[in-house]
2 protein chains.
Amino acid sequence: MDEPTTRAAKRAATAQRILEAAQVEFGERGLEGTTVRAIAQRAGVDPSLVIQHYGSKNDLFALAARLDRESTDDDVAAHLFEVLDVRLGELPPETRALVRSMLTAPEATRAMKNFLDERVVNLARSSDDGDAELRAALTVSSILGLTIARHFLELDALADISEPQIETVLRPWLTAALGDDTALPPAPDPRTRAEP
Amino acid sequence: MDEPTTRAAKRAATAQRILEAAQVEFGERGLEGTTVRAIAQRAGVDPSLVIQHYGSKNDLFALAARLDRESTDDDVAAHLFEVLDVRLGELPPETRALVRSMLTAPEATRAMKNFLDERVVNLARSSDDGDAELRAALTVSSILGLTIARHFLELDALADISEPQIETVLRPWLTAALGDDTALPPAPDPRTRAEP
DNA sequence: CAATTGACTCTACAACCGTTGAGCGAAGCT
DNA sequence: AGCTTCGCTCAACGGTTGTAGAGTCAATTG
């Protein structure tokens, strides 16, 4: 909350404010549904400044939704763990922006497809089952469906799921989907949280 | 393919053509992404005629996506069967329109939430498990995720799944999710298809 | 302190949107 | 045949959108 003193620092600070405002708006109304003016207003700034900073609305969206996710190649367990953990609390704003526009913005569709395709092959290569890829795709798309149902549709039955319920129902279920040889990570630790 | 002779019949025919064009457009680009002009062009008609027929773009969308789904109260098995069956082929155009706009159009979000909420309670009431509702929600949202991953994101691993694969992998998996006491319907019969 | 840079606002524009009302021409009625 | 009905097109309007360019004023520099 410290006030920036130098001019460049202040500029960087407002750029950050604009980006965060954009993530909130994109995450709530999607790429087409949010206007540059709405982003500007949320950031307390003139609409043209948004363009001056990020070039265009689409460029800003690409940054806000992290359309260029680096293909993390670490192990399968960490991936799933992160997703499961994240799903218990709030979704990170860039994920919200991406998922929200996933079905209507072609760039977002492509980014999400690539992201999930990678996860599937990562998951599948730990097993040598013939149906490993299909099982992995099942697991991944289930997590996607769960995320959408809980955080975007807000299904009643998923409104408040407790940690024990996750352990007794959801975890064994996903374990079954992956096959017994693939181990899921241990119970999530709510204190650690990933940092972008 | 018979040409309509009476005037009212011709009017009804163009109305139907407009509705179907709207379903295609809405299903491909979403509510906000499709313009009345695009619908009109696909139907080979003047844009204003679209409004004259359906009042407004939003009213047309409500019809095209069947936002007012009657709460079918028949048994659980038939429901799941229908969804599973339908997922093997193409998605019906009104479903495509609804799912496509599910995350960006509030009316569509509400309609989808209500639809899925109902399915969950229908599924849950066949079992008396304490976690029955959560299990049902898991199943339903998995099917949703699968539908999205296959028909909208077009994940590589789900591009062409064969009927035997469905039987050996997907069906037992969903059976496990619901619990052993709840029986899924037998193998789908590709000849029977639901009619709107 | 004077000059200059640059972060930001103001104004405006061209494109596109959903929607309206008038008009046309053929089908229907008597 | 003459009059009416009506399915449809044409032209246009008001509003909103993303974005460009000029201007403003305070911080920086010499």
Side-chain angles (χ1 to χ4, degrees), chain A residues 2-23 25-26 28-65 67 97 101 104-108, chain B residues 2-23 25-26 28-65 67 97 101 104-108:
Chain A
D2 34 20
E3 297 258 327
T5 49
T6 107
R7 188 134 74 156
K10 181 172 163 64
R11 176 167 172 85
T14 56
Q16 180 66 21
R17 240 177 40 242
I18 291 174
L19 180 63
E20 287 171 2
Q23 284 179 328
E25 289 293 323
F26 285 141
E28 228 55 30
R29 317 196 202 293
L31 170 55
E32 295 181 307
T34 85
T35 69
V36 173
R37 294 166 213 267
I39 297 173
Q41 181 171 9
R42 179 176 289 269
V45 128
D46 189 87
S48 71
L49 190 64
V50 175
I51 302 296
Q52 288 183 27
H53 269 273
Y54 292 98
S56 77
K57 180 190 175 185
N58 282 279
D59 289 353
L60 174 54
F61 176 75
L63 252 66
L67 290 198
S101 302
T104 39
E107 323 101 276
Chain B
D2 34 20
E3 298 257 326
T5 50
T6 107
R7 190 135 73 154
K10 181 173 163 66
R11 176 168 172 85
T14 56
Q16 181 66 21
R17 241 178 39 243
I18 291 174
L19 180 63
E20 288 171 1
Q23 284 179 329
E25 288 293 322
F26 285 142
E28 228 55 29
R29 317 194 202 294
L31 170 54
E32 294 182 305
T34 85
T35 69
V36 174
R37 295 167 211 263
I39 297 173
Q41 181 170 9
R42 180 176 289 269
V45 128
D46 190 87
S48 71
L49 190 63
V50 174
I51 302 296
Q52 288 183 28
H53 269 275
Y54 293 98
S56 77
K57 180 190 175 186
N58 283 278
D59 289 352
L60 174 53
F61 176 75
L63 252 66
L67 290 198
S101 302
T104 38
E107 323 101 276

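Order of the sequence lines fixes the chain letters, A, B, ..., with proteins taken first and strands second; residue numbering starts at 1 for each chain. All of these numbers come straight from a predicted model, not from anything done at the bench.
Between C/dA7 and A/Thr14, no contact under 4.0 Å exists linking OP1 or OP2 to a side-chain N or O. Close to C/dA7, at under 4.0 Å from its OP1 or OP2, lies no side-chain N or O of A/His53.
Contacts between residues 37-47 of chain A and DNA chain D, defined by a heavy-atom separation under 4.0 Å, are made by A/Arg37.
With sequence neighbours excluded, no residue forms a side-chain contact (heavy atoms from CB on, under 4.5 Å) with B/Arg7. Shown here are the salt bridge (Lys or Arg N to Asp or Glu O under 4.0 Å) partners of A/Glu28, two or more places apart in sequence or in another chain: A/Arg96, A/Arg100. For A/Ala97, the side-chain contact (heavy atoms from CB on, under 4.5 Å) test picks out A/Phe26, A/Ala65, with sequence neighbours left out. Among residues two or more places apart in sequence or in another chain, the side-chain hydrogen bond (donor to acceptor under 3.5 Å, both in side chains) test is passed with A/Gln41 by none. Applying the side-chain contact (heavy atoms from CB on, under 4.5 Å) rule to B/Ala108 yields the partners B/Phe61, B/Leu98, B/Ser101, B/Ala105; only residues at least two apart in sequence or on another chain are considered. Legend: residues meeting side-chain hydrogen bond (donor to acceptor under 3.5 Å, both in side chains) with A/Gln52, ordered by chain and number and at least two apart, are absent. By the side-chain hydrogen bond (donor to acceptor under 3.5 Å, both in side chains) test, B/Glu107 is found to be paired with no residue, residues two or more places apart in sequence or in another chain being considered.
Summarising the geometry, the separation between CG on B/Asn58 and C1' on C/dG18 is reported as 10 Å, rounded to the nearest angstrom. For A/Leu49 and D/dG18, the CG to P distance is 15 Å, given to the nearest whole Å. Between A/Tyr54 atom OH and D/dG18 atom P there is a gap of 17 Å when expressed in whole angstrom units. Rounded to a whole Å, the CD1 atom of A/Ile51 is 16 Å from the C1' atom of C/dA7.
Residues in residues 37-48 of chain B take part in these salt bridge (charged side-chain N to carboxylate O under 4.0 Å, His left out) pairs, two or more places apart or across chains: B/Glu25-B/Arg42. Among pairs with a residue in residues 49-63 of chain A, none fulfils salt bridge (charged side-chain N to carboxylate O under 4.0 Å, His left out), at least two apart in sequence or across chains.
Positionally, the nearest nucleotide of DNA chain D for B/Arg11 lies more toward the 5' end than for the other of A/Lys57 and B/Arg11.
Consecutive Watson-Crick or G-U pairing (both distances under 3.5 Å) extending over three or more pairs maps onto DNA chain C as C:1-30 with D:1-30.
Comparing D/dG18, D/dT19, C/dC8 by their nearest atom to the side chain of A/Lys10 picks out C/dC8.
Expressed to the nearest 0.5 Å, how far CG of B/Leu67 lies from CG of B/Asn58 amounts to 9.5 Å.
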What are the atom names and distances for every N/O pair under 3.5 Å that joins the protein to nucleotides 22-28 of chain D?
unit_1: D/dT28; atom_1: OP1; unit_2: A/Arg7; atom_2: N; d: 3.2

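Listed for the A/Arg29 side chain is no donor-acceptor partner under 3.5 Å among the backbone atoms of A/Thr34.
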